[in-house]
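In this chain, residues are counted from 1 in sequence order. Both ligands and their constituent atoms are indexed starting at 1 by order of listing.
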Amino acid sequence: MMLDKKRSDALRQSAHRLLLSNRRQHDDHQFTVPSPQSYPFQWLWDSCFHAIALAHFEPDSAKAELRSLLTGQFNNGMFPHMIYRGENELMKLGDGFVRIEWGKEKTSTITQPPMLAEALWKIYEKDGDREFLRLMYPHIKDFHAYLLSARDPRGNHLAGIINPDESGEDNSPRFDSVLGLPPVQTLQENFSSRLKLVEELRRGHFDAPFMKQYFWVKDVPFNAILVKNLRTMGTVAEVLSEHEDATQFTAEADLVAHAMRERMYDGDCFWTTYGESYLKIKIATWAIFSPMYAGILSQSEARTLVDDHLLNPHEFRPRYMIPTVSMREPSYDPEGFWRGSTWIGVNWFIFHGLMRYGYRDIAERLALSSAELIERSGYREYYHPDTGAGLGAQDFTWGTLIVDMLDTLERPER
Ligand code: GLC
């Protein structure tokens with residue numbers, strides 16, 4: 001392995017320490033805050049990342065993390081992207097946290113990429129607890145059913161998002177044209193236009209078809225993550241002897257993967273689309289690599305993507321991989337939130353995509369780059385791709401996914 005034992009042990013220890021110090025307990029629910037200073041609540045995909053990292057240390061705490069998400073689930077199956085636990089912590093922050101009124105009292109009314117099944121499976125791999133699979137299974141099944149119905153009203157097998165924040169990449173340039181914003185913009189301009197959208201969302205009671213006139217996007221990572229998680233649900237269903245469900249999950253995964261190819265692929269890359277006629281938004285972000293995570297590409301398509309884009313020093317290969325936006329894009333900003341900086345959560349998705357397609361050496365380099373960022377600048381929200389300087393929130397948990405990358409590399413090859 002590329003890291004000696006001393007370094008990898010130190011990373012494991014610091015990751016575990018961070019997960020412990022960001023741990024919160026409210027009303028019998030245990031969960032982890034992404035950053036005590038900047039993100040004092042529970043977030044949906046963050047909690048899935050936490051569960052994946054925690055599974056390596058304390059599977060029981062990983063389970064608690066997912067279990068506490070269940071309390072937020074809506075009757076229609078949707079999991080909200082935020083659960084507002086711990087108002088007292090918010091008070092302590094004063095003006096430091098800008099709260100968006102997402103339309104409900106205890107939770108937000110939008111969602112985030114569906115990573116629950118992957119987190120569940122990671123825990124099961126560690127401790128083989130079928131009871132916990134059984135507990136989570138119907139909830140995740142309902143969530144996927146919601147995404148494939150309410151978020152796909154025309155039955156085209158792609159799940160739509162109704163706000164950029166649902167992608168998890170709030171101000172990504174993928175959404176600029178939809179919001180009517182230029183490639184070079186301030187964070188404030190972006191924030192204002194997203195707030196306007198939230199007003200429309202509230203007016204339309206967060207109803208997906210209503211939002212068609214304002215923001216109707218089929219995002220590549222969201223759907224790639226859905227494909228991967230549907231397949232994983234197929235595996236979970238088999239373990240639980242739910243054979244019909246297993247067949248159905250696999251069929252649904254195939255349909256989404258097929259629809260992605262039909263509507264998003266353009267001979268080289270998959271592009272996020274906009275509107276009812278699926279206009280491709282050709283802005284090169286890390287999203288072009290996300291189909292590798294879901295195994296949607298052929299081996300030769302993956303090779304083109306890696307050789308021409310991932311390893312291209314003018315696009316995605318600065319000193320610290322992987323910038324969230326291609327360095328060729330006019331919108332590229334190495335210090336901009338989701339506009340070019342390097343995020344370890346994104347590296348984690350790309351890492352697994354590379355492993356899946358047999359690019360172990362590049363995956364190793366990516367894990368090493370992630371490790372160096374943490375060693376150099378600590379657990380920060382994002383990093384400068386050239387200097388490795390830490391940016392954004394402090395004590396931010398996504399870096400703890402390094403533990404999963406190290407573990408994957410150290411596992412004996414099958
Ligand atoms: C930011 C990120 C989002 C994350 C949240 C909490 O809004 O863009 O993906 O879930 O912070 O960490």
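- Listed by chain and residue number, Y383, Q394 satisfy the side-chain contact (heavy atoms from CB on, under 4.5 Å) test with R380 (two or more places apart in sequence, or in another chain).
- Sorted by first then second residue, the salt bridge (Lys or Arg N to Asp or Glu O under 4.0 Å) pairs that include residues 145-155, not counting sequence neighbours, are R151-E166, R154-E276.
- Interatomic distance, OG1 of T272 versus CG of D219, reported as 3.5 Å (0.5 Å rounding).
- Using a cutoff of 4.0 Å between basic side-chain nitrogens and carboxylate oxygens, R319 and E372 are scored as salt-bridged.
- Residues in residues 323-333 take part in these salt bridge (Lys or Arg N to Asp or Glu O under 4.0 Å) pairs, two or more places apart or across chains: E315-R328.
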Inventory of protein N or O atoms under 3.5 Å from ligand 1 N or O:
from	atom 1	to	atom 2	distance (Å)
ligand 1	7 (O)	D170	OD2	2.8
ligand 1	8 (O)	G168	O	3.0
ligand 1	8 (O)	D170	OD1	2.8
ligand 1	8 (O)	D170	OD2	3.3
ligand 1	8 (O)	W338	NE1	2.9
ligand 1	9 (O)	W45	NE1	3.1
ligand 1	9 (O)	G168	O	2.6
ligand 1	10 (O)	W45	NE1	3.3
ligand 1	10 (O)	D46	OD1	2.6
ligand 1	10 (O)	Q112	NE2	2.9
ligand 1	12 (O)	D46	OD2	2.7

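- For the ring pair (Phe, Tyr, Trp, His ring centres under 6.0 Å) with W338, the qualifying choice from W286, W343, F175, Y332 is W343, the only one to do so.
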